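Below is one structure, written out as structure tokens, with a few remarks after it.
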Amino acid sequence: MPYDPAISEPRWQEAWEQADTFRAVRDERPKYYVLEMFPYPSGRIHMGHVRNYTMGDVVARFKRAQGFSVLHPMGWDAFGMPAENAAMEQGGHPRDWTYGNIATMRSQLKPLGLSIDWSREFATCDDDYVAQQQALFLDMLEAGLITRKSAQVNWDPVDMTVLANEQVIDGKGWRSGATVERKELTQWFFKISDYSDELLSALDGLEGWPEKVRLMQANWIGKSRGLQFRFQTVDLPDFPSIEVYTTRPDTLMGASFVALSPDHPLVKALAASDHKVAAFVGECRRIGTTEEAIETAPKMGFDTGLTVRHPLDPDWQLPIWIANFVLMDYGTGAIFGSPAHDERDHEFATKYGLPIRATFGERGMDLAAADALVAKAPFVPLKSETVTYVRGFAGAADQTGEAAVDAAIQHAEANGYGEGVTKFRLRDWGISRQRYWGCPIPVVHCGACGTVPEAKQNLPVLLPQDVSFEVPGNPLNRHPTWAATTCPKCGGAARRETDTMDTFVDSSWYYARFTSPHAATPTDRAETDYWMNVDQYIGGIEHAILHLLYSRFFARAMVKTGHLPESAQEPFDALFTQGMVTHEIYMTRDERGRPVYHLPEDVVDGKLADGTPVEVIPSAKMSKSKKNVVDPVNIVEGFGADTARWFMLSDSPPERDVEWTAAGAEAANRFLARVWRLADEIPEGGADPELARAAHRAIDEVTKSIEGFAFNKAVAKIYELANSIGKSKAGGESRREALRIMAQLMAPMVPHLAEEVWAKAGGQGMVVDAAWPKADPALLVSDSVVLPIQINGKRRAEIEVPKDMPKDQIEAIVLADETVQRFMEGQPPKKLIVVPGRIVNVVV
RNA sequence: GCGGGCGUGGCGGAAUGGUAGACGCAUGGGACUUAAACUCCCUGGGGCGCAAGCCUGUGCGGGUUCGAGUCCCGCCGCCCGCACCA
């Protein structure tokens, strides 16, 4: 009988469902919680999902076989902009669009045979999840974790609506094309910055996280020690001083100007009476709100004509400029420019003809040499390097930047003109969104009482259904009745908050909700005590900072409000970041030379059906716009789920991108068919001790590979075992035993085929319930070892010696070796290095 | 611009500082077949050589080491993130 996944895959899925195999139960076993980042219900699953959920499934099934009670849930990150965009473009309601997509994607996901406990499924737009999230919000508000303050948004003056950063293209609104302005709104914030130090220092404990993610988060939080001090202004009684913060106070004597953010209070005051200042600020505000846009925009400055006095020399006056690259959010919104030792300040000073004065030079330089050094380019050595201060004022002349910064802070504190402070780059988390399809913020605005939290018994505050998206803007704002309510405090008329929550809020606690998805409170303590933390979290590297940092903050907030145990404040014990699925891009050009993209299934041998050759562009992330997408549904229908799973795991290491190729998919399918045949045709015959060795070596290596998230290596080892079985003369029980071991090793990856092989090879029950095999140590060791012999670091020969032969005996054999003799030409060796069990190197 | 990562045959990749290229794909050769497909076997970085073997080779340029794909310094290229995409 040939391999036919279309028959066998549904059969085993049915069997697992009948047995309720994957229901997560709290029992006496140790638990293991594996979670993949849940999907946004865009409408169809894509290969990235297949890869992500297959990896998680390998871990889940592997741990299950190892005797753990496994929690492996699935849900939907269901709020967000695309649903509103769809409503605008095609009509319909975001809710219908979203739940329709969820139904489709669930039906596409199920044939993959993932070991998911579907009874725990939820969507973040479910009324119940909204209710619990609002309860959490109220508890966090009461616990002092939430505040309201002003922040800037992208404002589209034509559509009269707030735009997301991705909706601003080259400074223009994506729909209207109007030049976007920055506008200030009062918004809700989670006070994540209260936890800056804590979130930073706790990174050290996250040993199961990739070092790169911890580094990225540390840099994002951005702890810095610096000097905060004041410049006294000249002839400006309303603003007697300007507060500045610097991480390089040692360069104070190289100061050449003071630069203020366009949003600085002094600038606002100047703009009110000076139209030139106002015009400049207006120009700055046309740059988007993203840090990227601000940092990459050409440096622009405006000389206010005002001056300040240098703190170390009252006769020395510095000009006050307004500069578009100074951020109001960081530090004090004002800096002093030290062009000799800062790339950006140097560019600015050069552009506007401001002085460039070195504060230090390379070791041993005098003042003239140092000034010459920095005239053309800034001198920015590592802070740990020792340099010579030519305009120093604190500490030794020769010292490191670090020591000089400390000395400068001490000098400022001793002389009373400034103080050392620690600052963080991390800003509070603004969660207000002026949009419909999100979790309503459960707060009312009362004329008498001000801003009042909704009463818990009035939750959930649900979205109204009768809304339209024909006009841009927030439908909640213009709904005739929805916002009208009564104040929970005084009972008078009040208006609901019409902003909804950032969807990052939804994804910041879903992992906790999965432990008790139907509880009447956000979490159930008995369940979180058992299931938390997530033992293995898997998702894309693109979430390295925001989602993961917000989740770490949220877990702490949930500990503080009693919704999680103290032990769950770091919710993810281990993190794995997987790479993308890529594909070649096929392009032709239309008569006007514009690119036209073609789906892979429409291209055969580099040509379209009509014979037009296509240009092949190297692999990139699969995207609809480039049409370089392969629909998993077609693959599953054509080859079966196991082929899709196997291909996603083979070849590329999980943390790297994998390129989907038709040839690779076919090869994966061919191999699985070969495995099927091996199990289908078991000849009678004798035992083969070499096959048993191969099988046990495979157990050892596959186990280690899965534990180390090296699924591609596990796959390679299974290929080797299959090759060994194919070549072996063993028959009967000896062969069946090897096949059963292979079935068990393959089960986490290709679970349906593994069940078939297991059954054919005489396995008891289902392989999904079989305990993970243990390698027999006696079968892993061999008595002799092949040692390569290097001469001067190049491999020239090899010898086979008993595994535990003493060094001196090996040396004797090596020196007697013909090849070695030849290279030594009668000379004694200069050096002889024997690395036991590894290599020998002779230096002649 | 800033922060982080990656770079090895024709391709995907393997390699506790210790034989570079495991395993797979593609290619070439052979077996089976009337033929093809399927399947099986062999070959498989580049150069020289009948062969044994020798030279060369892990993005580029330096360095440390008995020994470097791996560690250090400087470049180049690509990818991810930059706070309202999810």
Side-chain angles (χ1 to χ4, degrees), chain A residues 2 37-40 42 77 79-82 151 153-154 162-168 187 192 210-213 215-220 222 289-297 299 325 329 343-344 347 425-435 502-504 506-507 540-547 549-550 577 579-580 582 618 620-621 650-653 655-659 661 663-664 666-668 670-671 673-674 677 710 712-713 715-720 723 726 786-798 819 829-833 835 837-843:
Chain A
M37 291 178 186
F38 64 165
Y40 178 79
S42 56
D77 190 12
F79 277 131
M81 285 203 309
V153 295
N154 301 305
V162 176
L163 299 180
N165 285 334
E166 70 157 11
Q167 295 174 317
V168 180
Q187 311 204 51
I192 190 172
E211 191 53 44
K212 62 176 169 180
V213 175
L215 232 190
M216 279 191 253
Q217 291 215 350
N219 288 336
W220 183 262
T289 54
T290 71
E291 197 165 295
E292 183 187 2
I294 292 165
E295 297 269 335
T296 51
K299 312 282 168 284
F325 57 83
D329 291 316
E343 204 78 49
R344 203 168 47 185
E347 194 187 320
R425 204 183 77 98
L426 182 65
R427 311 200 291 260
D428 279 335
W429 172 13
I431 60 152
S432 295
R433 296 292 180 272
Q434 295 70 43
R435 270 185 267 282
D502 179 5
T503 57
F504 272 123
D506 314 340
S507 55
I541 185 69
E542 66 271 23
H543 295 294
I545 295 174
L546 293 180
H547 163 60
L549 192 60
Y550 290 155
T577 56
M580 299 179 303
T582 65
K621 181 178 185 170
S650 53
D651 291 351
S652 291
E655 66 277 13
R656 250 195 261 178
D657 293 351
V658 62
E659 183 184 33
T661 61
E666 281 157 22
R670 269 205 305 275
F671 174 72
R674 190 170 139 229
R677 282 196 305 277
N712 56 322
K713 284 190 258 173
V715 164
K717 298 304 171 192
I718 289 170
Y719 267 104
E720 285 179 359
N723 290 342
V786 174
L787 283 187
I789 299 171
Q790 291 184 333
I791 293 159
N792 293 335
K794 280 190 202 295
R795 193 186 88 80
R796 297 296 177 181
E798 59 184 37
T819 317
K830 257 195 203 155
K831 209 168 183 181
L832 187 57
I833 295 144
V835 185
R838 300 296 310 191
I839 203 163
V840 180
N841 194 9
V842 188
V843 185

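In what follows, chains are A, B, ... by sequence order, proteins preceding strands, each numbered from 1. This structure is a prediction, so every number in the text was calculated from the model and none was measured.
- B/U34 and B/G47 have their C1' atoms separated by 44 Å, with the value rounded to a whole Å.
- At B/G18, none of the side-chain N or O atoms of A/Asn841 fall inside 4.0 Å of OP1 or OP2 (strictly under the cut-off).
- The side chain to side chain donor-acceptor pair (under 3.5 Å) search around A/Thr577 returns none, not counting sequence neighbours.
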Item to complete: List the steps, then state whether side-chain contact (heavy atoms from CB on, under 4.5 Å) holds for A/Val658 with A/Thr582.
Response: CA-CA 6 Å; A/Val658 62; A/Thr582 65; over 6 Å; no
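- For B/G9, the base is syn relative to its sugar; the glycosidic angle is within 90° of 0.
- Using a 4.0 Å cut-off, no side-chain N or O of A/Arg796 falls inside it from OP1 or OP2 of B/A52.
- Distance noted for atom P between B/G28 and B/U33: 23 Å (whole Å).
- Taking the C1' atoms as reference points, B/U64 lies 35 Å from B/G10, given to the whole Å.
- Two residues are said to be in side-chain contact when any heavy atoms from C-beta on lie closer than 4.5 Å; A/Leu426 and A/Leu549 meet this criterion.
- Evaluation of the side chain to side chain contact (heavy atoms under 4.5 Å, CB included) rule for A/Arg425 yields A/Trp220, A/Glu291, A/Tyr330 as partners, not counting sequence neighbours.
- When the P atom is used for both B/U19 and B/C79, the distance is 34 Å, rounded to whole Å.
- Between A/Thr503 and B/A86 there is a side-chain polar atom (N or O) within less than 4.0 angstrom of OP1 or OP2.
- Of the side-chain N and O atoms in A/Asn219, none sit less than 4.0 angstrom from OP1 or OP2 of B/G81.
- Within the structure, a side-chain polar atom (N or O) of A/Lys794 is placed less than 4.0 Å from OP1 or OP2 of B/U56.
- Taking atom P on both B/C42 and B/G24, the two are 11 Å apart, rounded to the nearest angstrom.
- Comparing the C1' positions of B/G9 and B/U43 gives an interatomic distance of 15 Å, to the nearest angstrom.
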Enumerate all atom pairs, one protein N or O and one N or O from nucleotides 7-9 of chain B, separated by less than 3.5 Å.
{"unit_1": "B/G7", "atom_1": "OP1", "unit_2": "A/Arg656", "atom_2": "NH2", "d": "3.4"}

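- Base-pair partner of B/G77: B/C6 (Watson-Crick or G-U wobble, both distances under 3.5 Å).
- In terms of phosphate contacts, A/Arg427 brings no side-chain nitrogen or oxygen within less than 4.0 Å of OP1 or OP2 of B/A83.
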Practice prompt. Verify side-chain contact (heavy atoms from CB on, under 4.5 Å) between A/Ile541 and A/Val213, making sure each step is shown before the conclusion.
Written response: CA-CA 8 Å; A/Ile541 185 69; A/Val213 175; 3.9 Å; yes
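- The shortest distance between the side-chain N/O atoms of A/Lys212 and the OP1/OP2 oxygens of B/C80 is not below 4.0 Å.
- When the side-chain nitrogen and oxygen atoms of A/Asn712 are compared with OP1 and OP2 of B/A14, one or more of them lie within a distance under 4.0 Å.
- If you check distances only, the side chain of A/Glu659 never reaches the base of B/C11 with a donor-acceptor pair under 3.5 Å.
- B/A68 and B/G63 have their P atoms separated by 12 Å, with the value rounded to a whole Å.
- Across all their heavy atoms, A/Ile545 and A/Gln217 have their closest contact at O-NE2, 3.7 Å.
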